[in-house]
Visitor: 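Pasting in a structure now, in structure tokens, and then I'll have a few things to ask.
It should be emphasised that the depicted structure is a prediction, and the values quoted were computed from it without experimental measurement.
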Amino acid sequence: MKKRSLLAKMVLLPCSKLYGGITYMRNKFFDWHLLKEVEFDIPVVTVGNLAVGGTGKTPHVEYIVDAFRKQRKLAVLSRGYRRNTKGFIIAGRTSTPRDIGDESYQIYHKFNGEVTVAVCEDRVHGIRELMRLDPKIEMIVLDDAFQHRYVKPAVSIVITEYNHPVIADHMLPYGRLREPARGINRADIVIVTKCPVGLTPWDYRSVIKDYDLFPPPSQYLLFSHYSYRPLQPVFPDVATGVPYLDWMTAGDSILAVAGIGNPRPFVRYLKSFGAKVKVDIFADHHQYTKKDIEYLLERYKALKGNQRILVTTEKDAVRLAANPYFPHELKAVTYFLPIEVEFEQPYGEETLEEVIDKKLKARNITKL
């Protein structure tokens, strides 16, 4: 193991340093105005991360949308990662995850189409199209766009995991960083996500010291954790009832299926109850094939117990629900585990929405 780690370090670490140098110079070109940032008349809030996958970005985008959607007309724009289409597309009732990406599809349906959701690889073009098609839009949330510096945001938010802090990571391919950790200094708000419940004041002070951000109002450091909600059916038309996890016993079985960046909290939560749990993990944004579905059906049939269910993540649920190969016999026993973001306020800090509003007002953005 040590030999393998040493080999990885010898081969990958130089590549990481080279990649880090390239991204550093790219950011400098924007800082020196050699590359142009476009600023818009309406506020653009970017939500992103420095590391690849698994930081909890989408639930925080949904939190922001939910916090502001009743006050103003919102739009969400992303690139639509791993979609099978190109160009600018607005989500509609007939859109599928393959058309707009699973995260955009999830956001659109979570808010029942009340919020405009669009995808476009070129974020500048995408914003212009949204403003042209609907001049009443008052705020745009850019999903996964911290590195997309061609758009000058009104507020920039970076998500980082409590157990995988960017300040202790390395650049790709040796580590998980998309750009050097110092890039966090561009963020207006840094959110430490997936915090364990019950952190002590010393724990918070330690994190604050480690990140060493500029003090408010220049930068704000916030803490959040996931709150899991009761199971929901992936196929509500055929579900005969919704089981309660805390009612399940050692005589029951769960097949846990996840294709997300960091499935460990999802699996750990399911295993905290009484039922036996079998786990199948796929790659992030995995598109389930016919062979995958047949495999899951066999795995489900092999479960033993009085009550047997398949539980997946909210992001996987949208892909499974739209999968033409998903068998009818699994539909009535397939559920997803919804998650909500809750913020910790160890020192009575302002809420995320209050901080966003404060940043916008400080920059004289009054259209809100």
Side-chain angles (χ1 to χ4, degrees), residues 37-49 56-81 88-92 95 100-101 103-159 186-191 193 216-220 222 224 340-341 343 350-368:
E37 292 180 296
V38 179
E39 192 168 8
F40 292 90
D41 293 335
I42 62 173
V44 175
V45 177
T46 63
V47 182
N49 45 29
K57 176 176 49 60
T58 300
H60 286 78
V61 169
E62 293 175 347
Y63 180 96
I64 294 169
V65 170
D66 193 45
F68 287 96
R69 68 190 174 103
K70 293 181 180 177
Q71 305 170 31
R72 54 196 65 104
K73 190 171 179 58
L74 278 182
V76 179
L77 177 66
S78 73
R79 59 176 170 161
Y81 182 64
F88 177 83
I89 299 175
I90 288 187
S95 300
I100 59 175
E103 292 167 340
S104 299
Y105 182 91
Q106 175 181 322
I107 292 170
Y108 177 80
H109 284 278
K110 190 156 197 171
F111 296 101
N112 297 313
E114 295 175 5
V115 175
T116 302
V117 176
V119 294
C120 191
E121 303 90 336
D122 184 336
R123 310 299 174 83
V124 172
H125 174 68
I127 293 172
R128 286 173 174 160
E129 280 296 287
L130 282 169
M131 295 174 66
R132 180 183 69 83
L133 293 171
D134 189 352
K136 294 182 179 179
I137 290 175
E138 298 171 291
M139 178 175 168
I140 295 175
V141 180
L142 279 192
D143 184 12
D144 195 16
F146 186 69
Q147 282 78 32
H148 194 87
R149 296 195 59 186
Y150 290 101
V151 174
K152 185 176 178 60
V155 180
S156 60
I157 301 171
V158 162
I159 310 292
R186 297 199 314 274
D188 296 298
I189 303 167
V190 176
I191 303 175
T193 70
S218 296
Q219 289 185 296
Y220 290 85
L222 303 178
S224 72
E340 291 182 359
V341 170
F343 280 86
E350 294 136 308
T351 63
L352 175 60
E353 47 269 45
E354 288 172 339
V355 173
I356 291 174
D357 269 330
K358 181 175 286 189
K359 281 288 184 181
L360 294 176
K361 290 175 183 176
R363 288 168 184 171
N364 295 318
I365 299 175
T366 58
K367 188 168 183 176
L368 297 179

Visitor: Would you kindly say whether E138 and Q71 are connected by a side-chain donor-acceptor distance under 3.5 Å?
Guide: no
Visitor: Just jot down the side-chain hydrogen bond (donor to acceptor under 3.5 Å, both in side chains) partners of D122, sequence neighbours excluded, or say none.
Guide: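 Not a single residue meets the side-chain hydrogen bond (donor to acceptor under 3.5 Å, both in side chains) criterion with D122.
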Visitor: How long is the span from the CG atom in L133 to the CZ atom in R128, to the nearest 0.5 Å?
Guide: 14.0 Å
Visitor: Does the side chain of I127 reach to within under 4.5 Å of the side chain of L142, using non-hydrogen atoms?
Guide: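 Yes - at least one pair of side-chain heavy atoms lies under 4.5 Å apart.
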Visitor: What pairs with S78 under side chain to side chain contact (heavy atoms under 4.5 Å, CB included), at least two apart in sequence or on another chain?
Guide: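 Expected list: S104, V119, D143.
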Visitor: Looking at K358, I'd like to know if its NZ atom is crowded, meaning that more than 12 non-hydrogen atoms belonging to other residues, nucleotides or ligands lie closer than 6.0 Å.
Guide: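 No, not enclosed.
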Visitor: Donor-acceptor check, side chain of E129 to backbone of V124, threshold 3.5 angstrom: yes or no?
Guide: no
Visitor: Do you know which two heavy atoms are closest between I189 and L222, and how far apart they sit?
Guide: CG2-CD1, 4.0 Å
Visitor: Return the minimal non-hydrogen interatomic distance between D188 and V155, and the atom names on each side.
Guide: OD2-CA, 3.4 Å
Visitor: State whether the side chain of R363 and the backbone N or O of A154 hold a donor-acceptor pair below 3.5 Å, judged by distance alone.
Guide: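 The answer is yes, because a donor-acceptor pair under 3.5 Å joins these two groups.
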Visitor: Which heavy atom of I191 sits nearest a heavy atom of H60, and at what distance?
Guide: CG2-NE2, 3.8 Å
Visitor: Could you tell me whether the side chain of F68 reaches within less than 4.5 Å of the side chain of V45, counting heavy atoms only?
Guide: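 SC-SC contact between V45 and F68 ruled out.
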Visitor: Could you check I356 against I157 for side chain to side chain contact (heavy atoms under 4.5 Å, CB included), going step by step and ending with a plain yes or no?
Guide: CA-CA 9 Å; I356 291 174; I157 301 171; 4.1 Å; yes
Visitor: State, with a plain yes or no, whether a side-chain heavy atom of V341 is found less than 4.5 Å away from one of L352.
Guide: no
Visitor: Just to verify, what does Y105 make a side chain to side chain contact (heavy atoms under 4.5 Å, CB included) with, not counting sequence neighbours?
Guide: P97, I100, H109, V318
Visitor: To the nearest 0.5 Å, tell me how far T351 OG1 sits from D357 CG.
Guide: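 Here the interatomic distance stands at 8.5 Å.
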Visitor: With a 4.5 Å limit on heavy-atom distance, are the side chains of Y63 and V47 in contact?
Guide: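 When only atoms from C-beta onward are counted, V47 and Y63 do not touch, as no gap falls below 4.5 Å.
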Visitor: Are the side chains of F88 and H125 in contact, using a 4.5 Å heavy-atom criterion?
Guide: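 Side-chain contact under 4.5 Å: yes.
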Visitor: Where do V158 and A187 come nearest, in terms of heavy atoms and distance?
Guide: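 Nearest pair, atom of V158 first, then A187: CG2-CB, 3.7 Å.
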Visitor: Of all residues at least two apart in sequence or in a different chain, which pass the side-chain hydrogen bond (donor to acceptor under 3.5 Å, both in side chains) check with E340?
Guide: none
Visitor: Consider side chain to side chain contact (heavy atoms under 4.5 Å, CB included). Of T46, V44, V151, which one does S156 pass it with?
Guide: T46
Visitor: Give the C-alpha distance, both sets of side-chain angles, the deciding distance and a yes or no for side chain to side chain contact (heavy atoms under 4.5 Å, CB included) between K73 and D134.
Guide: CA-CA 10 Å; K73 190 171 179 58; D134 189 352; 2.5 Å; yes
Visitor: Nearest 0.5 Å please: distance from the CG atom of L77 over to the CG atom of L130.
Guide: 5.5 Å
Visitor: First locate atom CG of N112, then atom NZ of K110, and finally report the distance between them rounded to the nearest 0.5 Å.
Guide: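 Here the rounded value is 11.0 Å.
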Visitor: If we only count heavy atoms from C-beta on, is the D144 to N49 side-chain gap below 4.5 Å?
Guide: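 In contact.
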Visitor: For F111 and E62, work out which heavy atoms get closest and say how close.
Guide: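 Closest approach of F111 to E62: CZ-O, 3.5 Å.
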Visitor: Closest approach of G48 and K57, non-hydrogen atoms and distance?
Guide: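 So the minimum-distance heavy-atom pair works out to CA-CD, 4.0 Å.
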Visitor: With sequence neighbours left out, write down each residue that passes ring pair (Phe, Tyr, Trp, His ring centres under 6.0 Å) with Y220, or none if nothing qualifies.
Guide: none
Visitor: Check side chain to side chain contact (heavy atoms under 4.5 Å, CB included) between R186 and all other residues, then give those that pass, not counting sequence neighbours.
Guide: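 Listed in chain order: N27, F146, R149, E179.
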